[in-house]
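Here is the structure we will look at, set down as structure tokens.
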Amino acid sequence: MNELKIRSMMKRLKSDDPGKRFEALGTLYECKMEKDLEVRVDLLKEMVGLAAGTFPEPVDVWDNPSYYLIDFLCDYPMPEVLEQLLKYFDRLPSDAKVRVMELFLATEDEELFYEMEEKLVALMKSEDVQLPVDQLTRYPVFVRDVVERTFEKIHSPHYKFSMYEFISAINESDLEWGYRKEEVLPLLHADYEKLRDEYLTYDKDYHAKFVYTSWKESYFTLRYHMSMLIGLMNYYYSKEAEVYLREALNFRDPVIRARVLHVCIEKNIEVEKDLLDELASNLESAEGLYWDLKSSNKEHLYPIKEHKQPLLAKAKLFTYLVYLRDEEGSLMNKFPEEIHMQDTIETENQYKQPVRYYLMSFKESGTDYVAWVGGYSLEDGDDTAHVWEGTYTDFVELDSKSLEDHKQDFFSRREEMSQKYHEEIHYESAPKLSKGLWFFYAILISHWVRVLLNGVDDEIYLSIGFTALGLLLTAYEMWKIKRSKISIVGQELIVNKGKDSKVIRIQDIKKVKYNKKQIEIFNKENALQLQVPLKWVNYDHFSYVLREQTQHLRERPFIEE
């Protein structure tokens, strides 16, 4: 049924009728959202070929079948699919090519990285595309090789700041301090001066409320680019850079000033303690300054020595609110005029680790609402800044209930979310009918063909018995299959073999290895915890899902590719 549904969808994607294409894309989305949808590899390969073909002229931004087909296929990172994506890469539209690159990066496969370097360089030289910068900068060696071959793109208005991102990644990784300094330094100064002049048109009117409710996206981009170039001055330092830094210490934007302050500390440029105190106390800059100092092992210079966590919690809530977006991705223009701490709760996260949440109130458009900030990991100390992200608000008015009732709502919501999370099936697979049984079917079919061609005789009873045996074997195998499966449910990996069921929490997995016969899963003590027949799963899909479910852990397991 799934295959018929997918083939019908594929046919409609080529229709000249935009309405049918819209319906087909809706079906494709439903398929993508369907958990554990199994699709034959041959059909997936056909979908790659379809995505690389031509479609009717689009009538709107949604009318992009190639991209959505590729996005669907990226959920099936099997070797055959990856090979097909590479084969048809050059025939895909630009946005689909970028989506494929994101998938290739996620595989961390050396051969794919080599192929991707060639493709990325060719793409950058021929087209202006939105590169997956965040993913690319995680691989500074790869990025350096790309920059070496495309350095001229630093003069391109489209690629300029992507190139600066790449150069930052190269320097920050200590791969090469001051990478191509003679070429970068004059460009850095010239580009910074242009941004500074643009910023100065805002500086005299700077007010946090203007930034987040009026200036918004264009100003965010300006601020981000300025902060990035200021950060680069740490690696490309000069007398001119010192002049720029001293000037920027007097800007009114606390986010920019905090980045300048950090570079000044790194370069031993004297700064007033009052400025450090001011920026550490400002809700716009407090968190950024703290993590900048911590990243360079200068956390001891953060002026708030005790009870910094409540301040950082207020800063986190401020940032959460001003960048809050609706379902369509548009800023909601929420600006907290006041933020107050009302109470705290100490509980456990899903990994049974102690955490603290802050019950806070914020005033927005004259109304006080409740928000929760946390949870702060108490394993790292009572005043830690490390947080397991869980900050939220449902815009419930503070005065609508007592603090105790608000806290009870928090626990009720938490219990509901925890139950839903622990029941969510992330992966499920069961053994298929054995090859021996399929061989038996082949013999049985050929036997019946021979009987029908030669005519019915007394041997028909032997044929019937032969068939009955096949049915019994099939029923027995189906019975075994129903009692055997491997699944990832919530935070547990579960293996069922008949009445026997074994479980390991995914945070307790140290490594996953496999050979031609089975998958072996080891716990933190490096003891073999589970063994699963390899034929039960598509290993590439299984390992991909397991990586996704463990990528947030501090100690991620080794998962053999």
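Each residue takes its place number in the sequence, starting with 1. Note that this is a predicted model, so its numbers are computed, not measured.
Under the 30°/60° scheme for interplanar angles, the aromatic rings of Phe161 and His225 are found to lie parallel. Taking the six-membered ring where tryptophan is involved, the planes of Phe89 and Phe104 are essentially parallel, since the angle between them stays under 30° and well short of 60°. By the 30° and 60° cut-offs, the orientation of the rings of Phe72 relative to Tyr76 is tilted.
For the pair Lys45 and Glu80, the salt-bridge criterion is not met [side-chain N within less than 4.0 Å of a carboxylate O]. Look at Glu217 and Arg223 and you find no salt bridge, because none of the NZ, NE, NH1 or NH2 atoms lies under 4.0 Å from a carboxylate O. Contact check on Lys194 versus Glu198 returns no salt bridge, with no Lys/Arg side-chain nitrogen under 4.0 Å from an Asp/Glu carboxylate oxygen. With salt bridges taken as basic N to acidic carboxylate O contacts below 4.0 Å, one links Arg413 and Asp394. For Glu117 and Arg149, the salt-bridge test passes: some basic side-chain N is under 4.0 Å from an acidic carboxylate O.
Between the side chains of Tyr164 and Asp191, at least one donor N or O sits under 3.5 Å from an acceptor N or O. No side-chain N or O of Asn496 forms a donor-acceptor pair with one of Lys502 less than 3.5 Å apart. No side-chain donor from either of Tyr539 and Glu560 sits under 3.5 Å from a side-chain acceptor of the other.
Shown here are the side chain to side chain contact (heavy atoms under 4.5 Å, CB included) partners of Ser487, two or more places apart in sequence or in another chain: Glu428, Val489, Ile494. The ring pair (Phe, Tyr, Trp, His ring centres under 6.0 Å) search around Phe335 returns Phe318, not counting sequence neighbours. Not a single side-chain hydrogen bond (donor to acceptor under 3.5 Å, both in side chains) links Asp128 to another residue, sequence neighbours left out. Checked against side-chain hydrogen bond (donor to acceptor under 3.5 Å, both in side chains), Tyr219 has the following partners two or more places apart in sequence or in another chain: Asp253. With sequence neighbours excluded, no residue forms a side-chain hydrogen bond (donor to acceptor under 3.5 Å, both in side chains) with Asp145.
Within the structure, ring-ring contact (aromatic ring centres under 6.0 Å, His included) pairs that include any residue of residues 27-71 comprise Phe22-Trp62 (at least two apart or interchain).
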Task: Working for side-chain contact (heavy atoms from CB on, under 4.5 Å), residues Tyr88 and Val100 - done: CA-CA 11 Å; Tyr88 284 98; Val100 171; over 6 Å; no
Open item on the list: Checking Glu115 against Lys87 for the salt bridge (Lys or Arg N to Asp or Glu O under 4.0 Å) test, could you report, in this order, the C-alpha distance in whole Å, the side-chain angles of both residues, the deciding distance, and whether it holds?
Closed with: CA-CA 11 Å; Glu115 296 286 352; Lys87 176 182 176 181; over 6 Å; no
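Residues Ile509 and Pro557 approach most closely at O-CB, 3.3 Å, considering heavy atoms.
Relative to the six-membered ring of Phe522, Lys510 misses at least one condition, a distance below 6.0 Å or an angle of at most 45° to the axis.
A side-chain donor-acceptor contact under 3.5 Å links Tyr159 to the backbone of Val129. Side chain of Asp63 to backbone of Val59: a donor-acceptor contact under 3.5 angstrom is found.
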